[in-house]
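Structure first, commentary second.
By convention in this document, chain letters (A, B, ...) are assigned in the order of the sequence lines, proteins followed by strands, and residues within each chain are numbered from 1.
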Amino acid sequence: MSQAALTVRDLDVRIASADPPFTVVADMSLAVSQGETLCIVGESGCGKSMTALALMRLLPQGVDVARGSVVLGDVELTALSERQAEDFRGNRIAMIFQEPLTALNPVMTIGSQIAEAIARHRGLSGREAWSAAVEALRQTQMPDPERRAGQYPHELSGGMRQRAVIALALCCEPQVIVADEPTTALDVTVQAQILGLIRQMQERHGTALVLITHDLGVVAETADRVVVMYAGRCVEEASVEDLFDAPLHPYTHGLMGAIPRRGAEHLTEIGGTVPPLWKLPQGCAFAPRCPRVTDRCREERPPLLEYRPNHRAACWNVHDAA
Amino acid sequence: MTAYVIRRLLLFVPMAIGIVVVTFCLLLLIPGDPAAVLLGQEATPEAIATLRRTLGLDQPAYIQLFIYFGNILQGDLGQSIFQNAPVSEIILGRIGATLELAIVALTMSAAIGITLGVIAAMRPGGIVDASAMLLAQLGISMPVYWLALLLMLAFAVMLGWLPAIGRGEPLVSAFGMALAGNPAPLLDSLSHIALPAASLAVNSAAIISRLVRASMLEVLNEDFVRTARAKGVRRRQVIWNHALRNALLPVISVIGLRFGALLGGAILTETIFAWPGLGQLTIAAISQRDLPLIQGIVLTFAMIFATVTLIVDLLYAVVDPRIRLK
């Protein structure tokens with residue numbers, strides 16, 4: 001593995017404005033190197049998006065990083081002032097958002113929205129930034145980029161809007177891209193195109209990609225490594241092959257059982273619901289839904305341990321840990 | 001865009017016709033015989049009949065309406081009863097002062113309201129927010145005639161900084177003189193308009209600031225604001241370029257509506273500050289029961305308001321690209 005582009009260690013994200021404050025992401029650690037794709041998978045509300053926003057230093061008001069470090073290249077992002085963070089955002093670490101219609105400013109042309117980022121970080125003049133923006137759109141295979149650049153978001157189709165959002169994220173050639181459910185809002189056929197495009201751009205620039213999704217199909221297609229999150233914690237981390245071949249954690253097992261497969265009689269589901277993050281059980285958060293639960297699970301939280309080479313899980317009763 | 005503008009301009013025609021009809025009906029609604037009211041209790045029936053004929057009141061209502069329409073199309077609003085001059089001439093002589101006052105007041109209120117609203121929205125619940133909104137509450141609660149008197153007392157009577165009443169040179173020509181190297185008339189005009197415009201502006205500024213604050217708070221939570229921040233755009237620019245432009249969309253229509261309120265407020269303000277505009281004229285016309293003049297003034301106010309609404313709608317299309325398509 002080459003040098004890590006982004007390293008996160010022991011990250012805790014806390015809703016500080018709640019009474020009492022509670023933690024939505026706990027002990028998160030991950031690393032992505034150049035050209036690598038790391039997928040973060042989990043159900044809605046498991047802390048995926050909060051993790052993404054924490055990496056970008058874009059947490060909403062009242063939410064903060066309580067502990068841990070986020071290192072981009074050799075810079076500790078959590079230690080930067082807001083103004084310094086602004087110099088990094090969009091420049092060295094960029095984000096692709098889920099809903100391309102609301103993510104773009106409705107009263108600005110897409111060209112000027114991209115040009116703004118380029119002018120901001122590259123110090124180009126208005127006209128140079130504009131032609132760089134058109135070029136960025138062309139790279140995302142936007143049809144007729146000169147004309148599209150002068151149009152407003154509502155004049156584009158969903159797929160074209162997402163191409164514009166991707167062009168916006170990539171225009172300054174960042175080392176790391178954080179993509180939060182980039183295809184969820186799109187048609188299935190467009191999804192495949194957009195995923196292909198993201199991968200292609202990543203290969204061309206050697207960008208590290210953190211892809212957040214709830215869709216295991218997307219994971220199987222794009223990921224090198226996978227982090228499975230449950231109730232704000234990483235419960236399993238492995239290469240995509242290991243994870244799909246031999247998942248260790250019962251939660252991951254359950255997720256795999258919920259994927260439609262050819263020949264499978266019926267889909268299995270995970271019984272119960274995710275516990276609210278402000279009322280987590282004392283031991284393992286998955287214990288109330290876990291088929292392999294023991295008394296120990298209810299009392300003591302399992303640590304994240306390496307059960308196989310480069311394959312870690314947080315469970316007292318992992319599946320075939322041989 | 002062109003189609004939108006043409007459609008909007010065409011809509012103005014039925015609106016104008018409606019305004020004329022309503023203004024005309026006002027005259028019919030006045031209880032009793034206008035001619036008798038005008039001539040007073042001592043009038044002989046012959047005199048009343050003569051006046052009725054002069055005013056065209058002996059004709060059926062729809063004929064009167066047609067005549068009224070025809071006259072308006074020729075720019076004839078009738079003859080003032082007491083001033084012995086054409087109504088259109090009297091109004092034209094006064095309209096500049098009122099428009100000047102309303103426009104200056106509107107500019108002031110928009111500038112103050114938007115700034116205050118944005119600053120308040122930057123840290124909701126903070127001390128700046130709380131004091132700005134307290135100020136706004138005060139501004140909304142204060143009646144314009146009360147505020148006008150207070151301002152006059154403070155700045156004209158006690159401090160003596162500004163003149164209490166009257167109007168200087170019209171601002172436009174004073175501005176021309178200033179450009180030609182004579183700034184004295186401009187300063188004089190500005191010092192005259194300061195108090196009436198300020199007392200008119202406070203109420204609208206307060207309303208606009210509350211609206212801008214609410215709108216900003218909503219927009220600041222939008223995804224595209226987060227995108228702008230994700231691009232690394234400076235916070236100040238995110239607020240002024242990205243958020244404010246969107247937050248102002250609902251505010252524009254209210255600013256247009258405030259223009260109507262300012263014209264109404266001008267009636268009081270002009271009387272207090274002896275500002276020689278339409279407002280003062282309205283009071284005079286009403287107290288003299290100068291019906292053709294009242295009718296002309298009401299028509300003028302309504303037309304100004306309709307024009308402002310038209311401008312606001314066209315402005316919308318400029319600011320919000322989504323409207324041009326509809």
Side-chain angles (χ1 to χ4, degrees), chain A residues 17 49 52-53 55-62 82-110 112-122 150-155 161 164-165 168-169 171-172 174 177-178 180 185, chain B residues 1 3-4 114 120-129 212-213 215-253 312-326:
Chain A
S17 57
S49 292
L53 293 176
L55 301 186
M56 292 295 294
R57 290 267 315 242
L58 277 179
L59 287 171
Q61 255 181 4
E82 183 52 33
R83 281 185 78 82
Q84 289 169 321
E86 283 166 358
D87 291 334
F88 274 78
R89 277 204 294 266
N91 188 15
R92 296 184 56 189
I93 180 165
M95 188 155 180
I96 299 173
F97 294 95
Q98 174 173 356
E99 182 43 80
L101 179 58
T102 57
L104 292 167
N105 191 329
V107 302
M108 284 172 78
T109 62
I110 58 165
S112 58
Q113 295 188 50
I114 299 171
E116 186 186 20
I118 297 172
R120 164 80 177 85
H121 295 298
R122 293 283 173 267
Q151 288 187 316
Y152 293 92
H154 69 272
E155 297 174 281
R161 276 182 217 132
V165 170
L168 182 58
C171 62
C172 293
I177 294 176
V178 181
D180 187 3
Chain B
M1 179 75 177
Y4 173 81
I114 291 171
M122 273 159 76
R123 290 205 187 287
I127 194 150
V128 180
D129 181 28
V212 168
R213 174 181 179 272
S215 184
M216 276 298 278
L217 284 180
E218 204 171 298
V219 169
L220 283 174
N221 276 323
E222 297 270 357
D223 284 355
F224 64 80
V225 168
R226 195 179 56 189
T227 310
R229 294 186 57 214
K231 286 195 286 193
V233 175
R234 293 272 181 231
R235 184 176 151 80
R236 186 182 297 264
Q237 255 136 25
V238 171
I239 286 173
W240 292 100
N241 295 355
H242 287 265
L244 184 60
R245 237 188 111 183
N246 282 279
L248 280 187
L249 296 178
V251 179
I252 289 176
S253 60
V312 165
D313 278 1
L314 295 181
L315 211 61
Y316 247 113
V318 175
V319 183
D320 190 345
R322 284 165 297 186
I323 289 193
R324 295 173 212 163
L325 281 186
K326 281 174 199 154

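For the pair Val233(B) and His121(A), the minimum side-chain heavy-atom distance is 4.5 Å or more. Residues Thr227(B) and Phe97(A) are in side-chain contact: their nearest non-hydrogen atoms beyond the backbone lie under 4.5 Å apart.
At a 4.5 Å heavy-atom cutoff, the contact between Leu53(A) and chain B is made by side-chain atoms alone. Contacts of Arg83(A) with chain B are made by both backbone and side-chain atoms, with heavy-atom separations under 4.5 Å.
Counting only distance, with no hydrogens or angles, the side chain of Arg245(B) and the backbone of Val107(A) share a donor-acceptor pair below 3.5 Å.
Here the CE-CZ distance, from Met56(A) to Arg226(B), works out to 10.0 Å after rounding to the nearest 0.5 Å. Distance check, rounded to the nearest 0.5 Å: CZ of Arg229(B) to CD of Glu82(A) gives 5.5 Å. Rounded to the nearest 0.5 angstrom, Leu104(A) CG and Glu222(B) CD are separated by 12.5 Å.
Other residues, nucleotides and ligands contribute over 12 non-hydrogen atoms within 6.0 Å of the CZ atom of Arg122(A). Surrounding CD of Glu218(B) are at most 12 heavy atoms belonging to other residues, nucleotides or ligands under 6.0 Å away.
The shortest non-hydrogen separation linking Asn246(B) to Pro106(A) is OD1-CG, 3.2 Å. Contact detail for Met108(A) and His242(B): the closest heavy-atom pair is SD-CE1, 3.5 Å.
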Residue pair Glu116(A), Lys231(B): steps toward the side chain to side chain contact (heavy atoms under 4.5 Å, CB included) verdict: CA-CA 8 Å; Glu116(A) 186 186 20; Lys231(B) 286 195 286 193; 2.8 Å; yes
